[in-house]
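One structure is given here, and the rest of the page talks about it.
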There are 2 protein chains.
Amino acid sequence: MKRSGRRPGNQDTRTSILEVARRTFAEKGFDKASIRAIAGDAGVDPALVHHYFGTKEKLFLEVMNAPINPGELIPQALAGPREEAGIRLIRMALSVWDSPAGTAALAMFRSALSNEWTARLLREFVVTQILRRAVRELIVDPEEAPLRSALVATQIAGLMVVRYVLRLEPVASADPELLATMIGPNIQRFLDEPLD
Amino acid sequence: MKRSGRRPGNQDTRTSILEVARRTFAEKGFDKASIRAIAGDAGVDPALVHHYFGTKEKLFLEVMNAPINPGELIPQALAGPREEAGIRLIRMALSVWDSPAGTAALAMFRSALSNEWTARLLREFVVTQILRRAVRELIVDPEEAPLRSALVATQIAGLMVVRYVLRLEPVASADPELLATMIGPNIQRFLDEPLD
DNA sequence: CGATGAGTTCAACGCTAGATGAATTACTTC
DNA sequence: GAAGTAATTCATCTAGCGTTGAACTCATCG
């Protein structure tokens, strides 16, 4: 059936491999997303993936590259009354992850849960790209910033785990706005309440 | 050096395999904990593991069997003033996971994050063994119980992820009592506050 | 038309994994 | 002490992984 050699026509195979890879990394995480499976889903030989991206890790980095730039989101989440920042954070997080663009973020998170290399990538990214930017505007005492932001991280990570990884109902399919009003105030408390 | 055949003396190899397995599953999760590595750490041939436990999945079930029985813990966590239940929950959770007995729970959780089969096991276990017992005593309106308990689960799961899996400081090495007083009230809010 | 190069597949290597069946050694019982 | 059974290892099978180098086919440009 499928002959060897170049295919007729002009198709951007490289991009379609990237799309399949993003989806697959998000569904299975770094380790279980095999290059062979990605190639198969893209209708392509595994060797072609290496031809374009070199190694599996470079492919992962390429997948992460494009869609994650918190440069726009963070200010957007911060704009608004200070005492509703918690709600806005949850609302924005959910809208990002539920969107197609959030697939990369989910891939990153899922991978970080079981792979040391991607876990380091995520820590690095979260700390330098998100926490440092967001937290300095929200937390008054800079000395308390690391603890407070890590506490915020527990609630947000837990929401991701329950909604997207474990898929525990009714949170898995709950309305984002309901979740925002329920969880937001708890985020707010991590930001504001005194650390006994 | 190491000859074939039965070893001299009376040693309970089966049990020591189980201990190594529990530790290994907790550290690496189901998928990355290889039978070969477990056997190696236990100073034993991989085939012996199969001889005792049949398959990797049966070994995992055996590991889970003994130490997880919430029959005693739950009432203990519930005993006390109603309005401090949140703090007691966090305090107890941390004391369980930090203890050697909590290794199995950690193994279960870690595995569930990347393996579908263990994720189903965990959902089943959490829902039938923990939530149903604990929540009926804490949540007034039974209609709200599923959502409220799932919200509690987000905060607790997030704490596990940040403290034990991602090991994000300062939560990773924070004093349990501090975490309890910081996080407990948020749990309390999930239990009590009206669901807007 | 012919050459060059990019796109693509083929076949294979080296590795790790879970699993299996036969062979080897020790303990137990009569 | 011989028979039988339990504990243990050995060698091996099958399957999947990431990766590599060579071979093949098409598009493009002179």
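Numbered from 1 within each chain, the chains take letters A, B, ... in sequence-line order. Any value given below was found using the heavy atoms of this structure, including those in side chains, with hydrogens, waters and symmetry copies removed.
Not counting sequence neighbours, the partners of F30(A) by the ring pair (Phe, Tyr, Trp, His ring centres under 6.0 Å) test are F25(A), F60(A), W117(A).
None of L106(B), L166(B), V165(B) except one satisfies the side-chain contact (heavy atoms from CB on, under 4.5 Å) rule with M160(B); the exception is L106(B).
Checking dG18(C), dT8(D), dT9(C) against the side-chain heavy atoms of Y52(B) singles out dT8(D) as nearest. The side chain of H51(A) sits closest to dG7(C) out of dC10(D), dG7(C), dA19(C). Of the candidates dA7(D), dG18(C), dT9(C), dT9(C) carries the atom nearest the D45(A) side chain, counting heavy atoms from C-beta on. Distance from the side chain of P46(A) is smallest for dT19(D) among the nucleotides dG21(C), dT19(D), dG18(C).
Pairs engaging residues 138-151 of chain A under the side-chain hydrogen bond (donor to acceptor under 3.5 Å, both in side chains) rule: E144(A)-R148(A) [sequence neighbours left out]. The stretch residues 48-59 of chain B participates, sequence neighbours left out, in no side-chain hydrogen bond (donor to acceptor under 3.5 Å, both in side chains) pair at all. Annotation: salt bridge (Lys or Arg N to Asp or Glu O under 4.0 Å) contacts involving residues 163-186 of chain B, sequence neighbours excluded, comprise R91(B)-E177(B), D98(B)-R163(B). Pairs of residues two or more places apart, or lying in two chains, that qualify as salt bridge (Lys or Arg N to Asp or Glu O under 4.0 Å) and include a residue from residues 73-87 of chain B are R82(B)-D192(B).
When the C1' atom of dT8(C) is taken as reference, atom CZ of R14(A) falls 15 Å away, rounded to whole Å. The distance from atom CZ of F53(B) to atom C1' of dT8(D) is 14 Å, rounded to the nearest whole Å.
Note on T13(B): every side-chain N or O is 4.0 Å or more away from OP1 and OP2 of dA7(D).
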Pairs under 3.5 angstrom, nitrogen or oxygen only, protein versus nucleotides 14-16 of chain D, please.
none

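The residue I35(A) sits close only to the backbone: its heavy atoms come under 4.0 Å of sugar-phosphate atoms, none of a base.
Ranked by how close their nearest DNA chain D nucleotide is to the 5' end, H50(A) and A47(B) are led by A47(B).
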